[in-house]
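Sharing a structure, written as structure tokens. Questions coming.
In what follows, every chain begins at residue 1, and chains take the letters A, B, ... in the order their sequences are listed.
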There are 2 protein chains.
Amino acid sequence: MKDYIPVLKRTKLFSGIGGEDILTMLSCLGAELRTYKKGEYVLRQGEHLRDIVILVEGSLHIQKDDYWGNRSILRHIGVGEIFGEAYVAPESGALLNDVIAVENSVTVFFDVKRVLTTCTSACRFHNTMVQNLFFAISEKNRSLVQKLEHISRRTIREKLLSYLSEEAKKQNSGSITIPFNRQQLADYLSVDRSAMSNELCKMRDEGLLAFEKNRFRLF
Amino acid sequence: MKDYIPVLKRTKLFSGIGGEDILTMLSCLGAELRTYKKGEYVLRQGEHLRDIVILVEGSLHIQKDDYWGNRSILRHIGVGEIFGEAYVAPESGALLNDVIAVENSVTVFFDVKRVLTTCTSACRFHNTMVQNLFFAISEKNRSLVQKLEHISRRTIREKLLSYLSEEAKKQNSGSITIPFNRQQLADYLSVDRSAMSNELCKMRDEGLLAFEKNRFRLF
DNA sequence: GCCTTTCTGTTGTAAAAACAACCGCTTTGT
DNA sequence: ACAAAGCGGTTGTTTTTACAACAGAAAGGC
């Protein structure tokens, strides 16, 4: 667990809390390290979640497969990101999505309800943590709205441009790397892969962008 | 302001707080009542928000119009619902959407940062309120995910069924009333109104559902 | 009551997406 | 090194959607 303190320190959840204190809190909160091989499930749709999870190594996809095997990718989780916060509230029902390891990954689980429900004076970081949680989920909320904006576009081209230009803004560069291959990007944008591939090549031929694998450059 | 205490008391934000205490808190937080006529803007895209807002009368739409006048409705806000929570975090940027009064409406604005940033021992409800805020935004997060699920469907029919059946589940009945007219529903689901109208009638003819105005019954 | 505006459904056409099948290249595993 | 699996691009066909234009019904204003 100690190895990951530097990562944890940089997460939104532990913002403003020192490394020493994090270690104390983790044990107090019953933190648990779990490892996954590529392709393994971290969480499954329908489960009830009692913990909040931080990814400390690897990468994950939050996704959903329907009856016919059509996959929809809700979001990509990178190192240092939190997930599961939306299901910590008492009335929140079962998980709506699967969480799956895209590569070998390591997570930290811990029972955030202890923070939320125990006497608030028990630990001086309770308040900080609740507030951090609030900011984290607030940010996730805004990013979901932005994803809705991409998906709401009517054509594949518009969806691509909406997504790629937001990534460019986030990464502060016209040259970006995305965490998806073609199929995954299509599943993320809810379009057909071949149609999307086609559109990408048209856009490239028109001089709108260039790409190689998962690196894109916008002009 | 007093007139709306019963409404406020039933909101998620003041859950677990008595009417008397709410009144005290409101003045302490600089709560402000604002009224809007049908069609007026409550908030505008690009603004920076310092307050959290509760709708106590009427109804609102959170929406966005692009350069060409295409409207996209993000969500409908009913009496007792909170909005703006996602923009209270310090690093959250400008508002991504407009908020507009669908009918004559009344809101309560108040500076929630006072709760989040002042010494937490100043008021015994600070912690309750931060926690309530957290649960509220957590629920909104889940509902955004569900909306993404509707929009992610590939055909208009699937989008309609996804949306309507979720409403039926929420309203716990096969017979539901939606807060949208046809154009608004189309803007909510990001499809063309006439195509949607067409599809609805086809579905009716096939015996999948029945409707009259904004009332729908699923079979 | 009458006029105007808004709302909903209808139709036809053009554009776009989904779907399916296939190919060559790369990566992976043994 | 070889076979198998995965990935990305291409093409043709079918389905679906967007778009535009219009008409009748309903609602709202004066």
Give the rounded distance in Å between these two atoms: CG of B/Asn214 and C1' of C/dC7.
->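 Checked: the CG to C1' distance equals 12 Å.
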
Does A/Asn104 use its side chain to pair, donor to acceptor, with the backbone of A/Lys38 at less than 3.5 Å?
->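 Present.
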
Of all the nucleotides listed (C/dT27, C/dT8, D/dA26), which has the minimum atom distance to the side chain of A/Lys213?
->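 Of all the options, the side chain of A/Lys213 is nearest to C/dT27.
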
Are B/His76 and B/Tyr188 close enough that their ring centres sit under 6.0 Å apart?
->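 Not under 6.0 Å, so no.
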
Counting only distance, no hydrogens or angles, is the base of C/dG9 paired donor-acceptor with the side chain of B/Arg193 under 3.5 Å?
->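 Looking at the base of C/dG9, it does pair with a donor or acceptor on the side chain of B/Arg193 (distance under 3.5 Å).
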
Distance, rounded to the nearest Å, where A/Gln183 contributes CD and C/dC19 contributes P =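 Going from A/Gln183 (CD) to C/dC19 (P), I get 12 Å.
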
What integer distance in Å separates B/Glu212:CD from D/dA26:P?
->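 Going from B/Glu212 (CD) to D/dA26 (P), I get 10 Å.
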
side-chain N/O A/Lys38 vs D/dG6 OP1/OP2, d < 4.0 Å |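 For A/Lys38, the contact criterion (side-chain N or O under 4.0 Å from OP1 or OP2 of D/dG6) is not met.
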
Within the structure shown, what part of the strands sits under 4.0 Å from A/Thr155 by heavy-atom distance: base, sugar-phosphate, or nothing?
->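 If one applies the 4.0 Å heavy-atom cut-off, A/Thr155 turns out to touch the sugar-phosphate alone, with no base involved.
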
Euclidean distance, atom CG of residue A/Leu200 to atom C1' of D/dG8 [Å, nearest integer] |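 Whole-Å distance recorded here is 10 Å.
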
Calculate the interatomic distance between B/Trp68 atom CH2 and D/dC19 atom C1'; express it in whole Å.
->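 Atom-to-atom, B/Trp68 to D/dC19, this comes out as 16 Å.
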
Ignoring backbone atoms, test whether B/Lys159 places a side-chain nitrogen or oxygen under 4.0 Å from the OP1 or OP2 oxygen of D/dT17.
->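 B/Lys159 to D/dT17 OP1/OP2: no side-chain N or O under 4.0 Å.
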
Nucleotide C/dG12, atom P - distance to CG of B/Asp192 in whole Å |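 Interatomic distance, CG of B/Asp192 to P of C/dG12: 17 Å.
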
Reckon B/Arg157 has a side-chain N or O less than 4.0 Å from the OP1 or OP2 of D/dT16?
->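 Answer is no, no contact under 4.0 Å.
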
Side chain of A/Ile156 (C-beta onward), nearest among C/dA17, D/dA18, D/dG9 =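 Among C/dA17, D/dA18, D/dG9, the one nearest the side chain of A/Ile156 is C/dA17.
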
Between A/Ser197 and A/Arg193, does any side-chain donor sit less than 3.5 Å from a side-chain acceptor?
->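 The criterion, which ignores hydrogens and geometry beyond distance, is not satisfied for A/Arg193 and A/Ser197.
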
Side chain of A/Ser194, base of C/dA20: donor and acceptor closer than 3.5 Å?
->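 Yes.
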
Note: B/Lys169-B/Glu166 ion pair, threshold 4.0 Å (strictly below) =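 No, no charged N to carboxylate O under 4.0 Å.
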
State plainly whether the residues B/Glu206 and B/Arg157 are in salt-bridge range, i.e. N to O under 4.0 Å.
->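 Yes, B/Glu206 and B/Arg157 are salt-bridged.
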
For atom CZ of A/Arg154 and atom P of D/dT16, their distance in whole Å |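 The distance from CZ of A/Arg154 to P of D/dT16 comes to 18 Å, rounded to the nearest Å.
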
Rounded to the nearest Å, what distance is computed from the CD atom of residue B/Glu199 to the P atom of nucleotide C/dT10?
->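 Those two atoms, CD and P, are 13 Å apart.
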
Presence of A/Asn181 side-chain N/O under 4.0 Å of D/dC7 phosphate oxygens OP1/OP2 =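 For D/dC7, OP1 or OP2 has a side-chain N or O of A/Asn181 closer than 4.0 Å.
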
